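Here you go, one structure.
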There are 2 protein chains.
Amino acid sequence: MAIATPKTRRGETSRAAILGAALDLFQERGYEATTMRAIADRAGVSLGSSYHYFPSKEHLVLEFYRHTHELHLAAIAPLLGREKDLAVRLRGTIRAVVVTCEPFHAVAGSIFSTVANPASPLNPFGGAAKPLRDEVVALYDEVVRGSDARIASDISEMLPLTLWLYQMAILYFWIFDRSPGRLRTLEVIDETTDLIVKLLGLANLPVLRGSRKRLLGLIKSVVAST
Amino acid sequence: MAIATPKTRRGETSRAAILGAALDLFQERGYEATTMRAIADRAGVSLGSSYHYFPSKEHLVLEFYRHTHELHLAAIAPLLGREKDLAVRLRGTIRAVVVTCEPFHAVAGSIFSTVANPASPLNPFGGAAKPLRDEVVALYDEVVRGSDARIASDISEMLPLTLWLYQMAILYFWIFDRSPGRLRTLEVIDETTDLIVKLLGLANLPVLRGSRKRLLGLIKSVVAST
DNA sequence: CGTTTAATTTGAACATGTTCAAGTCAGAGC
DNA sequence: GCTCTGACTTGAACATGTTCAAATTAAACG
């Protein structure tokens with residue numbers, strides 16, 4: 001149960017070996033097909049040792065997430081540094097998500113469901129995964145802020161979190177996508193990012209003022225409860 | 001693995017006992033805390049017998065769903081028979097969902113995650129759960145069709161399925177809702193149903209024509225892949 | 001009623017996530 | 001270098017979902 005941080009060099013080695021073995025095996029065989037015994041075996045430690053550093057198999061997935069998040073950040077850094085158009089930034093960012101996750105496509109389904117479980121410590125709506133979620137939301141904040149789009153403050157306040165939700169939805173679609181090269185997901189991304197930016201532009205129309213205000217208030221109140 | 005239909009009177013008794021025990025225990029203790037051994041015990045059969053009628057523990061949940069769906073249908077029948085206003089019909093229907101599910105609130109989390117798993121036979125996007133999903137979509141079709149709202153055919157074509165998705169989202173919010181009497185969920189329902197109906201009215205605005213067409217095309221293409 | 005066939009039931013056996021008490025080891029303090 | 005403390009490791013044990021071959025029972029048939 002206790003989340004032990006390694007205090008000695010030997011401990012660090014063990015923890016790293018366990019994590020490395022887990023990441024490899026999740027990728028090779030998927031989450032469910034990877035047994036804790038297999039992880040311990042490959043890491044060269046005993047079964048019990050894994051539980052000294054990771055309270056559960058699910059917690060190993062959290063590290064898996066962090067890993068892909070790092071890859072994602074590295075993949076889009078050049079784009080975010082150079083491009084100013086919001087649609088292009090957003091499209092590139094979301095495309096990079098699915099491209100980065102592509103090697104884990106077969107695994108993603110079981111992982112997603114683990115994460116969707118509100119009882120799981122990995123649930124992104126407040127749990128052990130919150131720090132990582134905040135990082136992703138911060139990324140979308142940068143996607144928006146770094147663009148030359150002028151967005152009203154009431155919208156831009158809620159936009160990063162909404163885009164994070166949007167990313168989750170795309171990932172869920174991607175999980176089901178069996179098309180070659182996952183082309184359908186890429187099409188949906190192109191279409192939706194474009195649509196989102198268009199709608200952001202339309203949000204200033206007087207007729208939509210009322211609905212916009214209510215929608216934002218709704219999102220804010222929903223988020224407040226997490 | 002084989003889904004056996006009872007062929008004898010004794011078989012029917014056993015199947016009913018197992019299902020009844022499972023529904024009771026899921027409600028009493030939740031999904032995960034209910035063991036197959038406990039179900040078999042309460043049903044008065046052996047462990048192996050349960051697997052003769054239900055291929056897995058998850059399949060028992062499917063019956064649980066069907067059960068709540070029947071309750072829901074019964075609860076809203078009077079409203080749908082009398083009321084013509086779309087906003088009222090929709091609000092009443094969704095309210096009835098959460099009210100019907102209220103006794104299972106503590107259980108709902110673990111069940112939801114089981115269902116969200118794309119690898120699960122219970123996943124509503126095409127699997128053993130598809131017939132039930134179709135029934136729910138048909139219900140929303142009736143909610144819309146039975147109202148006096150005039151909705152363009154391109155929208156009404158996709159609306160029932162979209163409302164089903166909306167119901168899923170509300171349920172996910174409800175799962176997290178810790179407010180007394182689940183009042184927050186009811187507030188969100190009131191606000192969202194109202195907003196949905198308003199937006200349906202705005203969809204005819206010329207400025208929104210383009211986005212509307214694209215959005216509907218998108219939904220249709222996404223749904224086509226299930 | 002006796003026989004035969006198929007449905008039903010059984011419980012042992014297996015795989016796997018998790019726990020835990022006991023053992024082993026590294027390093028700090030002297 | 002010795003000792004002691006706490007970090008680390010271990011593997012047996014447990015709980016539980018699932019499988020399966022064998023046993024038992026119901027029903028159909030003559």
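The figures that follow rest on heavy atoms only: side chains count, while hydrogens, waters and symmetry mates do not. Please read all numbers here as calculations on a predicted model, not as lab measurements.
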Sequence neighbours left out, what pairs pass side chain to side chain donor-acceptor pair (under 3.5 Å) with at least one residue falling in residues 39-50 of chain A?
A:Glu28-A:Arg42
Given protein heavy atoms under 4.0 Å, the one-letter contact record of nucleotides 7-17 of chain C, with B base, S sugar-phosphate only and - none, is simply SBBBB-B--BB
In whole Å, what is the span from the CZ atom of A:Phe54 to the C1' atom of C:dT19?
18 Å
Determine whether A:Ile170 and A:Val97 satisfy the following criterion, side-chain contact (heavy atoms from CB on, under 4.5 Å), listing intermediate values before the conclusion.
CA-CA 9 Å; A:Ile170 291 288; A:Val97 170; over 6 Å; no
Between A:Phe54 and A:Leu19, is the side-chain contact (heavy atoms from CB on, under 4.5 Å) condition met? List the steps.
CA-CA 9 Å; A:Phe54 303 94; A:Leu19 184 53; 4.1 Å; yes
I need the full list of side chain to side chain donor-acceptor pair (under 3.5 Å) pairs touching residues 162-175 of chain B, with sequence neighbours left out, sorted by first then second residue.
A:Asn123-B:Tyr172, B:Glu102-B:Trp174, B:Tyr140-B:Gln167, B:Tyr166-B:Thr192
Would you sort out whether B:Val61 and B:Tyr65 count as a side-chain contact (heavy atoms from CB on, under 4.5 Å), showing the intermediate values?
CA-CA 6 Å; B:Val61 177; B:Tyr65 267 130; 4.2 Å; yes
